[in-house]
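Notes follow the structure.
Counting convention: from 1, in listed order, for ligands and their atoms alike. Side chains are part of it too, since the values below use all heavy atoms of this structure and drop only hydrogens, waters and symmetry mates.
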Amino acid sequence: MIKARYIPIAAAAALGVAALLLPVWIGWSWSWQRTLSEERGELNRVGAQVAYQGHAILRQAAETLRYFQQLRLPPCSDAHIARMRASTIGTRMVDEIGYYRDGRLACNTWGRVGETVMLEAAFTLVEPNLQLRAASFSLASPAARMIGLYSRGHYVYIEPGRFVDVPLEGDVQVAVFSVAGDPIVGRNEPDWAAARRVAGGARAHDDQRLFSALTDRDFKIVVSTPMARVQARLRHERLALLPLSLLAWALALAAIATWLGRRLSQVGELRTALVRGDLAVHYQPIVELHTGRCRGAEALVRWRHPSGRWIAPDEFIPLAERHGMAGRITRHVLRTVLADMGAMLRADAQLHIALNLSPQDMRDGVALDTLSATLAGTGVACRQIWLEATERGFMDVDAARLAMARARQRGHVVAIDDFGTGYSSLSYLQALPLDVLKIDKSFVDKIGTDSASSTVINHIIEMARSLRLMMVAEGIETQEQADWLRRHEVVLGQGWLFARAMPAQDFIAFLREREYAGLQPEAALSGG
Ligand SMILES: Nc1nc2c(ncn2[C@@H]2O[C@@H]3COP(=O)(O)O[C@H]4[C@@H](O)[C@H](n5cnc6c(=O)[nH]c(N)nc65)O[C@@H]4COP(=O)(O)O[C@H]3[C@H]2O)c(=O)[nH]1
């Protein structure tokens, strides 16, 4: 088993590794996402340029076709052919115009023809007020393949390359489809099958290429770049990130070192405090709720830190438990209580002091032996020393039962503290040799409120009564709470309504002052 003192070191080592790896991991995935999004941004820009170009072509083609529809000239007359030629020369994106009759090209920009032209595929492009049918044509030679846009007898031909005539990096590929998915034109020999998959919504990158797809009214445009280019950019990005990562590492390491240093020094300081006796014990009066008389006190340890600050037990007891010092603290408190209160306890046999036992005390039973040895011959009766164990102390039920049984045999009063905040149940309580049940402050706080948990205290009181346990209510702050508890036959109580925890001398003065008068609830005294 790992020794408790090594736990913070192991935790810090694990944290250190995590702190070193975390910035690397964050930087790694952040740079990858950033590179991807930047590359995609560039591909999107290319796609948008191609779309813009395509729409400009469609617009010019549509205007040309509309012009020839309105022209009332005999088809393939000299005047008609002359207009076709003039239009071709005067329209930047139209490369040729033709007139079709009975499925044959009758004439075009260059004169009368009368030949059959191969139609590769036809698809419809949408242009308001004009239905455009586009088709690929093979003219005399395959090299002269054109995109033709048709409307009522006339075709305008466009060089396919015009659709993708945008500035491009050498290895960027473009594939243009109609919205129906027919390929129109590509640049840099795109992988049509992959581009079609991406245009249909498939994943936007594979091992080979990163894709970006754009769909608008007339086109689906897929642009891609090789993954090798993305990787090269990523390497550059990560190199630029290196100083930042190193800085993050350095900061993380410094934070861990500071934390560890503080942690280890706090453990060391606590050890020294135990040796030097810098742990003080304060006493919080426990009063009889019916009479207001003080019947005893709970001993609460405090640490006077070298900085002058008082440290509350909630802060250092868990640390002491983790580092195996809880038993030493209990022994220190025991000795201090006997030194502080021995005379008072001998003088008043009804007076008691309640001590807190740690889970470690419950397990090893050393505290009990020390207590017996310390009490021997002092004249203080065992029943004047109450022992409080929290629910955490009952984790090992058998050890706890044994420790409590031994304590009761010797005459001590045994109490369960913070009852109801953990996992205790009636059956659990039945199994333990107990005398007193301390009702936790969290339940006392609910008295007089409408909250759903305000009734829990009734069940706790019922449970304690059925087990014949004496009850002590903790954390009483208002008169209303004290009255309610009294009406419900809770015998003893402690809380700021009566007094805060205070140094031994103050508690002795407090006891003397109220010995005969009975304690009246009043505002807090000093300490805490
Ligand atoms: N807000 C409010 N608080 C009130 C009121 N009345 C009492 N308290 C506080 O409630 C705590 C009661 O002690 P606990 O439940 O045994 O809870 C104790 C106990 O579990 C532990 N502890 C204290 N001394 C020792 C010790 O010597 N050994 C061990 N193992 N644990 C100790 O530390 C816990 C906290 O102790 P403290 O800080 O002294 O806090 C004390 C006390 O000052 C009130 O009316 N209002």
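Look at Gln284 and you'll find a heavy atom under 4.0 Å from some atom of ligand 1. Ligand 1 is never approached by Ile329 to a heavy-atom distance shorter than 4.0 Å. Residue contact check for ligand 1: Arg500 places no non-hydrogen atom closer than 4.0 Å to it. Residue contacts with ligand 1 include Lys441, since one or more of its heavy atoms lies under 4.0 Å from the ligand. Ligand 1 has Gly475 within reach: a non-hydrogen atom of the residue lies less than 4.0 Å from it.
Near Glu477, meaning under 4.0 Å from one of its heavy atoms, ligand 1 places the atoms 1 (N), 2 (C), 44 (C), 45 (O), 46 (N). Close contacts between ligand 1 and Asp417 involve ligand atoms 14 (P), 15 (O), 16 (O) [criterion: under 4.0 Å to a heavy atom]. Ligand 1 places these atoms under 4.0 Å from at least one heavy atom of Pro313: 22 (N), 23 (C), 33 (O), 35 (C), 36 (O), 37 (P), 38 (O), 39 (O).
Contacts between Val333 and ligand 1 below 4.0 angstrom, taking non-hydrogen atoms only, involve the side chain exclusively.
Geometrically, ligand 1 and Val301 share a nitrogen or oxygen pair separated by less than 3.5 Å. For Glu321, no nitrogen or oxygen atom sits less than 3.5 Å from a nitrogen or oxygen atom of ligand 1, counting backbone and side chain alike. Note: no N/O pair closer than 3.5 Å links Thr390 and ligand 1 by distance alone.
Asp191 has no carboxylate O lying under 4.0 Å from a charged side-chain N of Arg197, or vice versa, which leaves the two without a salt bridge. Ion pairing between a basic and an acidic side chain is recognised when a charged N comes within 4.0 Å of a carboxylate O; Asp483 and Arg487 show no such pairing. The pair Asp369-Arg410 meets the salt-bridge criterion, with a side-chain N (NZ, NE, NH1 or NH2) lying under 4.0 Å from an Asp/Glu carboxylate O.
Residues Val456 and Lys446 fail the side-chain proximity criterion, which asks for heavy atoms closer than 4.5 Å.
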